[in-house]
2 protein chains.
Amino acid sequence: MHMRNRIGSPWLKGRLRCCGYKITIGREAILDVISKADTHLSAEDIYIKVHSMCPNIGLTTVYRTLEIMVKMRLLHKFDFGDGRARYEIAKSEEGENHHHHLVCTNCNRVIDYNDFIDEEVRLLKETEKGLSRKYNFKITNHLIQFYGLCEKCENLRIKRK
Amino acid sequence: MHMRNRIGSPWLKGRLRCCGYKITIGREAILDVISKADTHLSAEDIYIKVHSMCPNIGLTTVYRTLEIMVKMRLLHKFDFGDGRARYEIAKSEEGENHHHHLVCTNCNRVIDYNDFIDEEVRLLKETEKGLSRKYNFKITNHLIQFYGLCEKCENLRIKRK
DNA sequence: ATACTAATGATAACCATTTTCATTATGTGT
DNA sequence: ACACATAATGAAAATGGTTATCATTAGTAT
C-alpha cells in the first residue's frame, strides 16, 4: 500500500478508531501533509501546509495530533539539533521507507540514506537481543545518525583556510 | 590519563589555549563537575553543582562553556527526549569511555552500555566509509540509541493490564 | 435526534536556551 | 609588575518551541 492511498482511506480511520481516537478532518489532513512531504517537517512547517488547506486548524491541534501519532507509531519524531522537532512518516510495510540520517552540523541539512541499512539493521537486531537480555530492557526502536559536514559546508571550510 | 587528573592540570589549559580560549575558574570547575559525574547532567544540574563550589558562576556561563566544550569535542551533547540537553565527557583516549545508550521512553532513565560496542563500532566505521564516499559527507561523529522500556517500567506496564 | 465525551482553537503559560550590555578578568607586550 | 586590548562574565530580558487552560465545537454510540 502506498502512502497516498492512505489519505481519505479507511486505513487511518481504522488505526485511530482501534486506539480509541476519533476521526477528524485535522488528523487526516496532518497525516496527508506528512505523507506527501519529501523532507522532514517541523510542527510549524506542517501547520503552515495544513492551514493553507484547512484554515480552521490551529498549531495546538497540530502538536496534539503529532503527539498521538508518534505514540501510535504512525510517525517518527527526530531531533536534528536545531531546536525544533522534525517528523516523518513511519515505515508502512516491513522495511519499506526505513532509513537513517546524515546530519550536517554546520547547515543542519539532513540526508536520508538506505544503503548499508541491511547490514546495520542486521547488527542492530543482534545487538538488541543481547542488550534486551542483559539489561532487561524491552527495545522498541532505535536511532542511528551520523554527524559531520555535507559536501557544501566541507568545501566552504576548505576554501576559508 | 584519568579524568580526575585533568582537573587543575595543564591538560585543559592547553586545550583551551590552543583553541584561542582563555583559562578561567568557571571553565575548570565545569569540566571538573562533568568529569566526576556518573550520570548525564543537564545544564542546570551542572550549574547547581558548580555553583555550590563557586557561587559566582552563573547559568549563562555554564551554557556558554558547554557550547564551546562541545565544539572542542571535550564533551558530547545528547537529547534523550525530555526537553533538556544532557552532557557527558568525551572519551579521553581512543575508545576509552565510549558507549551507547538505552533510553526508557517512559521514565527517561538512560542506561550506558559498552558491550557489543566493538562490533557496532566496526560496522559503523565501514558504513561511514561507504557513506562518506557516496554522499561526499565528512562524518565526524555518530549517535546510536535504543529506545524502549526499562525493567521497572515494563513490569509496571504488565501489572497494569 | 440526543447525550456523552473527545477534540479543538485562542490564549496564556512554560521553560530551556540565547541575547544584550555593562562590568570584570585574563593574557600579552612592555 | 603594569597597562592595555579584548575575551569572559553575570544579571536581566528576550526568544521561541512546546504545553496547559478552558470555553466551545464536533464525532459517535444509543
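Chain A is the first sequence line, chain B the second, and so forth, proteins listed ahead of strands; every chain is numbered from 1.
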**OP:** Quick one, give me the B/S/- string for nucleotides 25-30 of chain D, reading 5' to 3', where B means a protein heavy atom under 4.0 Å from the base and S means that only happens at the primed atoms, P, OP1 or OP2.
**Re:** --BS--

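Although no hydrogens or angles enter the test, the distance criterion places a donor-acceptor pair under 3.5 Å between the side chain of Asp45(B) and the main chain of Ser42(B). A donor-acceptor contact shorter than 3.5 Å links the side chain of Arg27(B) to the backbone of Lys22(B). With hydrogens and angles disregarded, a donor-acceptor distance shorter than 3.5 Å links the side chain of Ser132(A) to the backbone of Glu128(A).
Between the side chains of Glu88(A) and His99(A), a donor-acceptor pair is found at a separation under 3.5 Å.
Taking every side-chain heavy atom of Arg84(B) into account, dA16(C) is the closest of dT11(C), dA16(C), dG17(D).
Atom P of nucleotide dA10(C) and atom OH of Tyr47(A) are separated by 7 Å, given to the nearest angstrom. If you take CG of Asp45(B) and P of dA16(C), they are 11 Å apart, rounded to a whole angstrom. In this structure, Asp82(B) places its CG atom 12 Å from P of dT19(D), rounding to the nearest Å. In this structure, the CG atom of Leu59(B) is 15 Å from the P atom of dC15(C), given to the nearest Å. Rounded to a whole Å, the CG atom of Leu66(B) is 13 Å from the C1' atom of dA16(C). Atom pair Tyr63(B):OH and dA8(D):P shows a separation of 20 Å (rounding to whole Å applied). Residue Ile57(B) contributes atom CD1, which lies 12 Å from atom C1' of dA25(C) at whole-angstrom precision. In this structure, Glu44(A) places its CD atom 13 Å from C1' of dT15(D), rounding to the nearest Å.
Shown here are the side chain to side chain contact (heavy atoms under 4.5 Å, CB included) partners of Thr105(B), two or more places apart in sequence or in another chain: Tyr147(B), Leu149(B). Residues satisfying the ring pair (Phe, Tyr, Trp, His ring centres under 6.0 Å) test with Tyr47(B), not counting sequence neighbours, are His51(B).
Within the structure, a side-chain polar atom (N or O) of Arg27(B) is placed less than 4.0 Å from OP1 or OP2 of dA8(D).
Looking at every heavy atom in both residues, His98(B) comes nearest to Asn114(B) through O-CB, 3.7 Å.
Among the atoms of the strands shown, base atoms are found under 4.0 Å from some heavy atom of Arg64(A).
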